[in-house]
There are 2 protein chains.
Amino acid sequence: MHHTEFLDDLRQAGHRLTPQREMILQVICESDGHLTADEISARVRKRYSYLNKSAVYRALELFVRLGLVNPTDFGQGRVTYEMHRDPHHHHLVCRRCGKMTQADADLFAPVEKKLRDEYAFLPALDHFAIFGLCQKCQRSGAERKGRRSGVRGSGAEVKKVYR
Amino acid sequence: MHHTEFLDDLRQAGHRLTPQREMILQVICESDGHLTADEISARVRKRYSYLNKSAVYRALELFVRLGLVNPTDFGQGRVTYEMHRDPHHHHLVCRRCGKMTQADADLFAPVEKKLRDEYAFLPALDHFAIFGLCQKCQRSGAERKGRRSGVRGSGAEVKKVYR
DNA sequence: TTTCCATTTGCAACTAGTTGCAAACAGGAG
DNA sequence: CTCCTGTTTGCAACTAGTTGCAAATGGAAA
Ligand SMILES: [Mn+2]
Ligand SMILES: [Mn+2]
Ligand SMILES: [Zn+2]
Ligand SMILES: [Zn+2]
């Protein structure tokens, strides 16, 4: 999959093909992981002298709107961007140890069906980051002592002992 | 549900009960909608002279960690906070017209089961904002002309016509 | 090829949220 | 009641991302 494949998507949607946009898309396309806006800027600047922060964010916003790129917030204080590829996937993030694993694209299929059928709503459920507890951390955090019955909190809270 | 009910949750988890924390929790508890950090600050300050920005964010982070409060990003540039109440709920947000409706708590039950059974992962799936298209906007946006087969984009993109 | 103008960029100022540190203080121990 | 110490606050400086506006430009039309 080469980035030039998508340049027509832009023009045909009535957007202009600027060198900034092309370089940004190329950098995301050449990477097979998640990149932050800053990482994208840095990689573009290696080849294309200067590039403004706003242009990067505005280009990313456009690519996301066109469905070319997926934004994801892994809870690290900055959003990451990844090429939208089929089949897509989701990420499972352990809140205690940080371990990240992947889940299949069809994970939300039943949710999507229910929303269509019962709520007449067409959801966009590509590429989520789902937070929770990995197998190991479920075990080690088993002795939760919540005040009420429900599964409140995520097990990340550790009882503090004085002295 | 009165906020004093939760003050023991704090102390018993080894956290200190400060006037700031109590006022912040009270304000969230008295509201039955979603409040931004700024709105919370403003409401607290009406009763409790001064209150620092950092204290608000740090208190909110704590309440979220303890499962007392749910944070939600509706895509408006600032996170909102709401008391965690049972039964909880999810929000369906139309990307085109902005219409918001609610969905039942059990929406993600099949996802939760699959993640537990097949991925040994215990997800936290309370209170999501799910973006997509409402019924009306699905109809009006039906004539999408995507370059490729899949459901790319969310219909928010409108074809521009020159002259 | 040149003209033209809506779109896009760069810039600077802004907002939301985070962080490191010193001073204040909650609350347990004596 | 007073002391003590780890926790929490206020503050100021910082990061990530947004916005309004003037200058630059992509690309359609002539
Ligand atoms: Mn991914
Ligand atoms: Mn809600
Ligand atoms: Zn883990
Ligand atoms: Zn709508």
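Values below: every heavy atom of this structure, side chains too, minus hydrogens, waters and symmetry copies. Letters go in sequence order (proteins before strands), and every chain restarts at 1.
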Ignoring hydrogens and angles, answer whether the base of C:dG17 and the side-chain atoms of B:K53 contain a donor-acceptor pair closer than 3.5 Å.
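Answer yes: a donor N or O sits under 3.5 Å from an acceptor.
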Start with the C-alpha gap between B:F108 and A:F108, add the side-chain angles, then the distance that decides, and say whether side-chain contact (heavy atoms from CB on, under 4.5 Å) holds.
CA-CA 8 Å; B:F108 288 106; A:F108 290 105; 3.6 Å; yes
Whole angstrom is fine here: how far is it from [atom1] in [X] over to [atom2] in [N]?
X	N	atom1	atom2	value
A:E39	D:dA16	CD	C1'	13 Å
B:Q76	C:dG17	CD	P	12 Å
A:R11	D:dA28	CZ	C1'	13 Å
A:D73	D:dA16	CG	C1'	11 Å
A:I24	C:dT8	CD1	P	13 Å
B:L60	C:dT18	CG	P	10 Å
A:R21	C:dG10	CZ	C1'	14 Å
A:Q12	D:dA28	CD	C1'	16 Å

Position toward the 5' end of DNA chain D (nearest nucleotide), A:E61 or B:A59
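Result: B:A59.
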Of A:D38 and B:A55, the one whose closest DNA chain D nucleotide lies more 5'
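Mapping each residue to its closest nucleotide by heavy atoms, the 5'-most match is B:A55.
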Given [N], is OP1 or OP2 found less than 4.0 Å from the side-chain N or O atoms of [X]?
X	N	result
A:H15	C:dT8	yes
A:Y57	D:dG17	yes
A:Q20	D:dT25	no
A:T18	C:dT7	no

Over 60° means perpendicular and under 30° means parallel, so classify the ring planes of B:H89 and B:H91, tilted if in between.
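B:H91 vs B:H89 ring planes: perpendicular.
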Distance-only side-chain donor-acceptor flag, B:S54 / B:N52, under 3.5 Å:
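Side chains of B:S54 and B:N52: pair found under 3.5 Å.
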Tell me yes or no: between the side chains of A:H127 and A:H90, is some donor less than 3.5 Å from an acceptor?
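Per modelled atom types, A:H127 and A:H90 side chains form no pair under 3.5 Å.
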Starting the side chain at C-beta, find the nucleotide from [options] nearest to [X].
X	options	value
A:R16	C:dT8, C:dG27, D:dA16	C:dT8
B:R58	D:dG17, D:dT9, D:dG27	D:dT9
B:L17	C:dG17, C:dG27, D:dG10	C:dG27
B:Y50	D:dC11, C:dT9, C:dA16	D:dC11

Would A:E39 and A:R45 pass as an ion pair if we require N to O under 4.0 Å?
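Here A:E39 does not pair with A:R45 in a salt bridge, since their nearest N and O are not under 4.0 Å apart.
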Should the pair A:K46-A:E30 be classified as a salt bridge under the 4.0 Å nitrogen-to-oxygen rule?
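Answer for the salt bridge query: no.
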Need one value for B:S54: base, sugar-phosphate or nothing, where a base atom within 4.0 Å counts as base even if backbone is also close, heavy atoms only.
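If one applies the 4.0 Å heavy-atom cut-off, B:S54 turns out to touch a base.
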Residue mapping more 5' on DNA chain C - nearest nucleotide basis, B:R78 or A:Y48
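Its nearest nucleotide being more 5', the pick is A:Y48.
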